[in-house]
Amino acid sequence: MGYPVTLIRGDGIGPEVTEATRFVIDATGVSIDWHVVDAGGDRIEQDGTPLPEAVRDSIRKTKIALKGPIATPIGNGFRSVNVELRKTFDLYASLRPIESIPGVRSYFHDIDLIIVRENTEDLYAGIEFERTTHEAAEAREFLSRLSGKAIREDSAIGVKPISVLGSRKIVEFAFKRAIALGRKKITAIHKANIMKFTDGLFLEIAREVAKEYPQIEFEDRIVDNMCMQLVQKPELYDVLVMPNLYGDILSDLCAGMIGGLGVAPGANIGQEYAVFEAIHGSAPDIAGQNKANPTAMILSGVMMLEHLGEMEAARQLRAAVLRVIAAKKSVTEDLGPIDEPASTTAMAEAIAQAML
Ligand code: NAI
């Protein structure tokens, strides 16, 4: 029996990149007992929900999932499956290594950052009221009375909860990871000058936690300044820890610095469960064409192998990915310009070959 792992194929390019990942992980020789389940918009008709109980049950059993991207319609529609999964399994930490890959076109070189993003709170907590509802009217009236500030009648309302516990957990996670990975410095990112009680709390807790880890240098940056600094002097930074919204935005910014979403892996980690998934979405514009870059998903698979303690297989698989990309043959068209771009499947086959 291999390691039990839930495989959620996802929407759009999800089935293509997860299949490629499953193929190369199997090629490492590590035995995985894949439990394949489906979530997303297509399940609503049959199950009445985009996140069927079978998916939750499977993760409860396996504790680990490899997940393809799932589309979230903007505006009306169902709540994000991604957000639901993070809340259900308290996957409070999003871990995103941002490392330059030789051979991938980018304006930046030698980028080596780790983004640690809080995953359950902040404006992504899902506490929102639609403009025309009576809940929104009540929220406007209540908040206006509490704060002494007028809120326009035609406003929708969103809430930004930031807790002591949530902030402490994510900052401690960042410090522990930094130590485990031999990193030197942590930068906490916030907008505490404007959001004094929410981001201010996050910063206060980060400073408190930092005192418990004197071996790691600690500093903080305001998020807008951080964006500029990252593109001007990325070499000054090491591990970045931040609340949910800034983490989402900075992850894409930093993914762009290493050549785009096609190569940026990620993991959502909690006390008991872990879900590995690329940063990118379901890319509906290229879905079903067998041309999505599987690298980000495969590197998320590498993180999963590390999580399982299969360090040698993880090292081999990562080395094979780098070899194939450096050779500039058998790579997908987004890694171009390439005379003859490879399909998703062909790139996965080349990676499996490169491990032999
Ligand atoms: P996206 O990441 O799907 O696509 C942005 C651009 O990057 C597109 O041009 C796409 O073709 C390209 N791209 C993304 N991944 C690629 C890959 N592996 N290879 C080659 N090109 C790639 O972002 P978008 O368009 O904003 O979102 C589409 C859907 O995905 C939305 O419904 C969104 O909610 C969902 N989404 C899901 C996520 C998840 O499941 N964790 C994360 C982000 C978005």
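First listed ligand is number 1; within each ligand, the first listed atom is number 1.
Asp112 and Arg183 are joined by a salt bridge, as a carboxylate oxygen and a charged side-chain nitrogen come within less than 4.0 angstrom of each other.
Listed by chain and number, the residues in a side chain to side chain donor-acceptor pair (under 3.5 Å) with Glu349 amount to none (sequence neighbours excluded).
Within the model, atoms NZ of Lys291 and CD1 of Ile13 stand 11.5 Å from one another, a figure rounded to the nearest 0.5 Å.
Contact of the Asn119 side chain with the Tyr124 side chain is not registered, since no non-hydrogen atoms from C-beta on lie closer than 4.5 Å.
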Could you give me the CA-CA distance, side-chain angles and deciding distance for Tyr246 and His190, then say whether ring pair (Phe, Tyr, Trp, His ring centres under 6.0 Å) is met?
CA-CA 8 Å; Tyr246 311 140; His190 59 87; 8.3 Å; no
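Between Phe173 and Tyr92, the ring-plane angle classifies as perpendicular under the 30° and 60° cut-offs.
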Considering only N or O atoms, set out every pair between ligand 1 and the protein closer than 3.5 Å, with distances to one decimal place.
{"from": "ligand 1", "atom 1": "2 (O)", "to": "Gly281", "atom 2": "N", "distance (Å)": "2.7"}
{"from": "ligand 1", "atom 1": "3 (O)", "to": "Gly281", "atom 2": "N", "distance (Å)": "3.4"}
{"from": "ligand 1", "atom 1": "3 (O)", "to": "Ser282", "atom 2": "N", "distance (Å)": "3.3"}
{"from": "ligand 1", "atom 1": "3 (O)", "to": "Ala283", "atom 2": "N", "distance (Å)": "2.7"}
{"from": "ligand 1", "atom 1": "9 (O)", "to": "Asp285", "atom 2": "OD2", "distance (Å)": "3.0"}
{"from": "ligand 1", "atom 1": "11 (O)", "to": "Asp285", "atom 2": "OD1", "distance (Å)": "2.9"}
{"from": "ligand 1", "atom 1": "11 (O)", "to": "Asp285", "atom 2": "OD2", "distance (Å)": "3.0"}
{"from": "ligand 1", "atom 1": "18 (N)", "to": "His280", "atom 2": "NE2", "distance (Å)": "3.4"}
{"from": "ligand 1", "atom 1": "18 (N)", "to": "Asn293", "atom 2": "O", "distance (Å)": "3.0"}
{"from": "ligand 1", "atom 1": "19 (N)", "to": "Asn293", "atom 2": "N", "distance (Å)": "2.9"}
{"from": "ligand 1", "atom 1": "30 (O)", "to": "Ser282", "atom 2": "N", "distance (Å)": "3.0"}
{"from": "ligand 1", "atom 1": "30 (O)", "to": "Ser282", "atom 2": "OG", "distance (Å)": "3.3"}
{"from": "ligand 1", "atom 1": "32 (O)", "to": "Thr72", "atom 2": "N", "distance (Å)": "2.9"}
{"from": "ligand 1", "atom 1": "32 (O)", "to": "Thr72", "atom 2": "O", "distance (Å)": "3.4"}
{"from": "ligand 1", "atom 1": "34 (O)", "to": "Thr72", "atom 2": "N", "distance (Å)": "3.2"}
{"from": "ligand 1", "atom 1": "40 (O)", "to": "Lys67", "atom 2": "NZ", "distance (Å)": "3.2"}
{"from": "ligand 1", "atom 1": "40 (O)", "to": "Ile70", "atom 2": "N", "distance (Å)": "2.8"}
{"from": "ligand 1", "atom 1": "40 (O)", "to": "Asn82", "atom 2": "OD1", "distance (Å)": "3.1"}
{"from": "ligand 1", "atom 1": "40 (O)", "to": "Asn82", "atom 2": "ND2", "distance (Å)": "3.1"}
{"from": "ligand 1", "atom 1": "41 (N)", "to": "Glu277", "atom 2": "OE1", "distance (Å)": "3.0"}

